[in-house]
There are 2 protein chains.
Amino acid sequence: MAPKMSDHYKQKRRKDILEAAEKIFIEKGYEHTTIKDIYEEVGLSRGGVYQYFSNKRDLFESLIGDKLEDIYQLTADALEDGEDPWTLLKKRMFGEEQHPSEYNDSLAPVVLEFFVSGRTDESLSVYARDRYHLGVSMYENIIQQGESQGIFTPRFSPGTIARAIISFSDGIAVDSALAGEEVQSKEQSELLFDMIQYMLGIR
Amino acid sequence: MAPKMSDHYKQKRRKDILEAAEKIFIEKGYEHTTIKDIYEEVGLSRGGVYQYFSNKRDLFESLIGDKLEDIYQLTADALEDGEDPWTLLKKRMFGEEQHPSEYNDSLAPVVLEFFVSGRTDESLSVYARDRYHLGVSMYENIIQQGESQGIFTPRFSPGTIARAIISFSDGIAVDSALAGEEVQSKEQSELLFDMIQYMLGIR
DNA sequence: TTTAAAAACGACATCAGTGTCATTTTTATT
DNA sequence: AATAAAAATGACACTGATGTCGTTTTTAAA
């Protein structure tokens, strides 16, 4: 006499909503996306979405949530396992192919929009700082590891280089969002690549 | 029998509104600023503001308008007058003191927010591209001038280096908006400074 | 001082989006 | 099949912001 819905079912629905939401967020940006846009995209009703998420912010945070923590953990593990810091750094900066390519992380500008437009909200800005900090640490750890192995001879402190990588990448993401092709993200990634080699004293 | 208000008066009022608006925009960000916030800050009524601007976007575009064109023109003139490209480049990147300092252009993140959150609006994105293009040209011209004078020996095309300066600066602006001190903008500006010397082949 | 034009006011109608909740539908278990 | 719990629906009340417009106030010229 008890119809416990399978966890699997709930998870699937949740994922459906998040996928639809991601599509819409990329299309319309964070601020201009409404709950209506989302439930129409999933093919659910208003209440249907509210069953799973309590508002747009909750939905968005779920969407981007954990992603960063995952990659941080993955990086820590890789370092632990003795993966080459230079290879690892390239992977984190440019993806598995370890090489600059056309810019494609279309959610990145939305994430930045989310944090920038919400920067006056105290709780959000705490969250933003945490995320930023985690990103810095990730790169910093890789660089420190490489330094201690004698692979890198950094011209600036690992923290500063880590922050520079993040700023530069964020800048490319933002500019791509607003000027598209014009930004020549591939060429810029190549420049970033060259700059990092210089900053880390790699031949 | 005709009370033509002095242009001076109108200009002053307009400027008052823009100044108040700038303050509020910096405080609350673009999206979260309302017309009400603004007329309360100036000490005017709702209708009062609408007398001068037709909506928030119009107001914001007036605020940032021309600024970029002005600096572009100023740069073109300076090059024409034979100003040293390296000095000029440093001025444009770091202000008159020509040296990296704490990040302080508090309107910059608001400008980025404006363009990023409005990036789906066709007319706005045209405007954004124009602005971006103008910025690229400005830096590109300086670099080309320096190259032809034999002061710079660029490792990448002037256009790519120009775009990199913009991306990096935008990145610092965005990150500062959302993580504040944490971003260590001064250190990053120093790194940017060093990187540019390297990219331009300056001893 | 009168006067007519411009500036400033603020109430108002309108709109878009939000989150809720009583009701209906679907589901898994008995 | 019967049933009870969970999921899904969509109408609803509410909110906050927008731009307008008839009215009042201020202004500078006559």
Side-chain angles (χ1 to χ4, degrees), chain A residues 1-21 23-25 27-63 110 113-114 117-118 120-121 123-124, chain B residues 1-21 23-25 27-63 110 113-114 117-118 120-121 123-124:
Chain A
M1 51 153 150
K4 174 84 169 72
M5 304 296 280
S6 73
D7 255 23
H8 173 262
Y9 175 87
K10 276 201 283 192
Q11 282 313 110
K12 165 131 183 30
R13 179 103 310 176
R14 203 184 137 87
K15 212 180 127 225
D16 288 346
I17 297 173
L18 288 177
E19 270 169 16
K23 189 182 162 208
I24 302 290
F25 279 131
E27 240 171 74
K28 315 187 77 177
Y30 180 77
E31 288 291 340
H32 295 149
T33 291
T34 68
I35 299 286
K36 189 172 178 232
D37 294 327
I38 294 166
Y39 67 71
E40 279 174 354
E41 176 71 25
V42 216
L44 262 184
S45 69
R46 184 161 196 82
V49 168
Y50 277 99
Q51 187 91 18
Y52 294 85
F53 302 96
S54 52
N55 52 42
K56 185 167 73 160
R57 175 174 164 182
D58 177 32
L59 213 159
F60 190 77
E61 285 184 10
S62 302
L63 181 58
V110 189
E113 182 197 351
F114 172 70
S117 71
T120 40
D121 178 314
S123 73
L124 220 175
Chain B
M1 51 156 151
K4 173 83 169 72
M5 307 295 280
S6 72
D7 254 25
H8 173 262
Y9 175 86
K10 275 202 285 193
Q11 282 313 110
K12 165 130 184 29
R13 185 77 346 156
R14 202 184 137 87
K15 209 180 129 227
D16 287 346
I17 296 173
L18 288 177
E19 270 169 14
K23 190 182 162 208
I24 302 290
F25 278 131
E27 238 171 76
K28 317 186 78 179
Y30 179 77
E31 287 292 340
H32 295 148
T33 291
T34 68
I35 299 287
K36 188 171 178 232
D37 294 327
I38 294 168
Y39 67 70
E40 278 175 353
E41 176 73 25
V42 217
L44 262 183
S45 69
R46 183 161 197 79
V49 168
Y50 276 98
Q51 187 92 17
Y52 294 85
F53 302 97
S54 52
N55 50 45
K56 186 167 72 160
R57 175 173 163 183
D58 176 33
L59 213 160
F60 190 77
E61 286 184 10
S62 301
L63 180 60
V110 189
E113 182 197 353
F114 172 70
S117 71
T120 40
D121 178 313
S123 73
L124 221 174

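Each chain gets a letter, A, B and so on, in the order the sequences are listed, and its residues count up from 1.
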*Using the ring of B:Y30 (Phe, Tyr or Trp, six-membered ring only), decide whether B:K56 places NZ or CZ under 6.0 Å from its centre and within 45 degrees of its axis.*
yes
_Return whichever of A:K36 or A:G47 has its heavy-atom-nearest nucleotide of DNA chain C closer to the 5' end._
A:K36
_5′-ward residue of the pair B:H32/B:Y9 relative to DNA chain D_ = B:H32
_Closest-nucleotide mapping onto DNA chain D: is A:R13 or B:S54 further toward the 5' terminus? I mean the 5' end._
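Result: A:R13.
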Length of the [atom1]-[atom2] vector between [X] and [N], whole Å:
X: A:N55; N: D:dT15; atom1: CG; atom2: P; answer: 17 Å
X: A:R46; N: C:dC21; atom1: CZ; atom2: P; answer: 14 Å
X: B:D37; N: D:dT18; atom1: CG; atom2: P; answer: 9 Å
X: B:D7; N: C:dA5; atom1: CG; atom2: C1'; answer: 15 Å
X: B:D58; N: D:dG19; atom1: CG; atom2: P; answer: 10 Å
X: A:K12; N: C:dT27; atom1: NZ; atom2: P; answer: 13 Å
X: B:I35; N: C:dC9; atom1: CD1; atom2: P; answer: 15 Å
X: B:K56; N: D:dG16; atom1: NZ; atom2: P; answer: 16 Å

*Could you check which of D:dA8, C:dA7, C:dC9 has an atom nearest any side-chain atom of B:L44?*
C:dC9
_Closest nucleotide among C:dA8, C:dT18, D:dA8 to the B:S45 side chain_ =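 Among the listed nucleotides, the one closest to the side chain of B:S45 is C:dA8.
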*When you check the gap from the basic side-chain N to the acidic O, do B:K23 and B:E19 get nearer than 4.0 Å?*
no
*Counting just side-chain N and O atoms, does B:Y52 come under 4.0 Å of either OP1 or OP2 of C:dA8?*
yes
*Please state whether the phosphate of D:dA7, meaning OP1 or OP2, lies under 4.0 angstrom from any side-chain nitrogen or oxygen of A:Q51.*
yes
*Would B:E31 and A:S117 count as having a side-chain donor-acceptor pair, cut-off 3.5 Å?*
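Note: B:E31 and A:S117 side chains miss the donor-acceptor criterion.
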*Determine whether the side chains of A:R57 and A:S123 contain a donor N or O and an acceptor N or O closer than 3.5 Å.*
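A:R57 vs A:S123: donor-acceptor pair found between side chains.
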*Identify the heavy atoms of A:G118 and B:H32 that sit nearest to each other, and give their distance.*
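Looking at all heavy atoms of both residues, the shortest contact is CA-CE1, 4.2 Å.
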*Please work out if A:Y39 contacts a base, only the sugar-phosphate, or nothing of the nucleic acid, heavy-atom cut-off 4.0 Å.*
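Result for A:Y39 = nothing.
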